[in-house]
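Report on one structure; see the data block that follows.
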Amino acid sequence: LRTSPRLLCVATQQKNTGQNLEEDQSQSQNEQKVEPSSAEKMLTEEKAKLEEQLKEVTDKYKRALADAENVRQRSQKLVEEAKLYGIQSFCKDLLEVADILEKATESVPKEEIKDENPHLKSLYEGLVMTEVQIQKVFKKHGLLRLDPIGAKFDPYEHEALFHTPVEGKEPGTIALVSKIGYKLHGRTLRPALVGVVKDV
């Protein structure tokens, strides 16, 4: 039996077509495999970018929270200080009045305060009572006297007017107080004016 060349061509064509179909299918499968991997790559990159952005935003948020907390604490501290020291200038002005009262009581001669001299006695007693009352008011508002005679010299609480040698007293101690000092809630409002003992 002889096969006709025409049939051979058809068979070859069919065979080739079958191979081509297989090749096309495998090629399309390879393309499908390539496509997901590039899509995965894009998604991975996008994920990394988003994670980085999230990290930055979280960091900024934490910093903003910390800043807000610092501002709140500073403001609270300022408010508390304003409550404590808001009367500072008023107290300074009142100290002058207290000084005048003290000088007035000291200037009255003690030997003149007698029953025979009722006006002077009444005036003196009134001055003393006023001085006691003003010191009570000062104490109530946290304003305390600094009368440091015999204490160690402290530059934060005392202002040295002079240095002098004094027998029997330790150098660096206060020998004389020229003007009483005051502290407001532990902070020196007015330093005491003093004379300090120095080495002979």
Side-chain angles (χ1 to χ4, degrees), residues 1-98 135-146 148 151-160 172 174 179-194 196:
L1 283 165
R2 270 182 153 191
T3 40
S4 74
R6 194 173 177 185
L7 282 172
L8 272 173
C9 281
V10 170
T12 310
Q13 259 184 348
Q14 282 176 351
K15 189 179 174 186
N16 287 344
T17 310
Q19 281 177 350
N20 288 347
L21 274 170
E22 282 174 17
E23 284 172 9
D24 286 348
Q25 281 175 354
S26 65
Q27 197 174 359
S28 68
Q29 281 175 354
N30 286 341
E31 281 174 7
Q32 283 175 355
K33 281 178 187 173
V34 168
E35 278 176 20
S37 68
S38 68
E40 280 174 17
K41 191 177 177 184
M42 279 176 57
L43 285 170
T44 307
E45 286 174 7
E46 190 67 28
K47 181 186 172 192
K49 279 182 190 174
L50 289 170
E51 282 176 348
E52 189 63 34
Q53 284 178 355
L54 178 66
K55 192 178 174 185
E56 281 177 26
V57 169
T58 307
D59 189 47
K60 283 179 183 174
Y61 172 69
K62 284 179 181 175
R63 283 175 192 233
L65 275 181
D67 286 344
E69 181 60 21
N70 287 342
V71 167
R72 189 191 67 76
Q73 285 178 353
R74 249 183 270 129
S75 303
Q76 191 175 351
K77 190 179 176 186
L78 287 170
V79 167
E80 285 168 7
E81 281 187 357
K83 282 179 185 175
L84 283 177
Y85 303 109
I87 58 169
Q88 191 167 310
S89 61
F90 179 65
C91 287
K92 271 187 179 177
D93 292 340
L94 276 180
L95 292 184
E96 299 303 319
V97 177
Q135 289 303 326
K136 278 183 185 174
V137 171
F138 285 172
K139 196 171 182 179
K140 180 182 171 186
H141 292 283
L143 189 63
L144 301 173
R145 282 166 64 100
L146 284 176
K152 265 287 199 207
F153 177 76
D154 181 354
Y156 294 106
E157 294 183 358
H158 316 131
E159 188 178 321
I174 293 162
K179 197 172 190 179
I180 297 289
Y182 282 88
K183 272 181 148 186
L184 179 62
H185 296 292
R187 183 191 286 180
T188 302
L189 184 64
R190 184 180 80 186
L193 303 180
V194 298
V196 185

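Remark: Lys183 NZ to Leu189 CG distance equals 11.5 Å, nearest 0.5 Å. Expressed to the nearest 0.5 Å, how far NZ of Lys77 lies from OG of Ser75 amounts to 12.0 Å. Asp154 contributes atom CG, which lies 9.5 Å from atom CG of Leu146 (distance to the nearest 0.5 angstrom). Here CZ of Arg190 is found 13.0 Å from CD of Gln88. Values are rounded to the nearest 0.5 Å. Atom CG of Leu184 is separated from atom SG of Cys91 by 5.0 Å, given to the nearest 0.5 angstrom. Rounding to the nearest 0.5 Å gives a distance of 10.0 Å between NZ of Lys136 and NZ of Lys139.
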CA sep, side-chain torsions, deciding dist, call: Leu50, Leu54, side-chain contact (heavy atoms from CB on, under 4.5 Å): CA-CA 6 Å; Leu50 289 170; Leu54 178 66; over 6 Å; no
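For His141 (side chain) and His185 (main-chain N/O), no donor-acceptor pair under 3.5 Å exists by modelled atom type.
The aromatic rings of Phe153 and His158 sit tilted relative to each other, their planes meeting at an angle between 30° and 60°.
Scored by the side chain to side chain donor-acceptor pair (under 3.5 Å) test, Gln135 finds Tyr182 as partners (sequence neighbours excluded). Partners of Gln73 according to the side chain to side chain donor-acceptor pair (under 3.5 Å) rule, which considers only residues two or more places apart in sequence or in another chain, are Glu69. Listed by chain and residue number, nothing satisfies the side-chain contact (heavy atoms from CB on, under 4.5 Å) test with Val57 (two or more places apart in sequence, or in another chain).
The pair Asp59-Arg63 counts as a salt bridge, with a side-chain nitrogen and a carboxylate oxygen less than 4.0 angstrom apart.
Minimum heavy-atom separation, Ala160 to Val196: CB-CG2, 3.9 Å.
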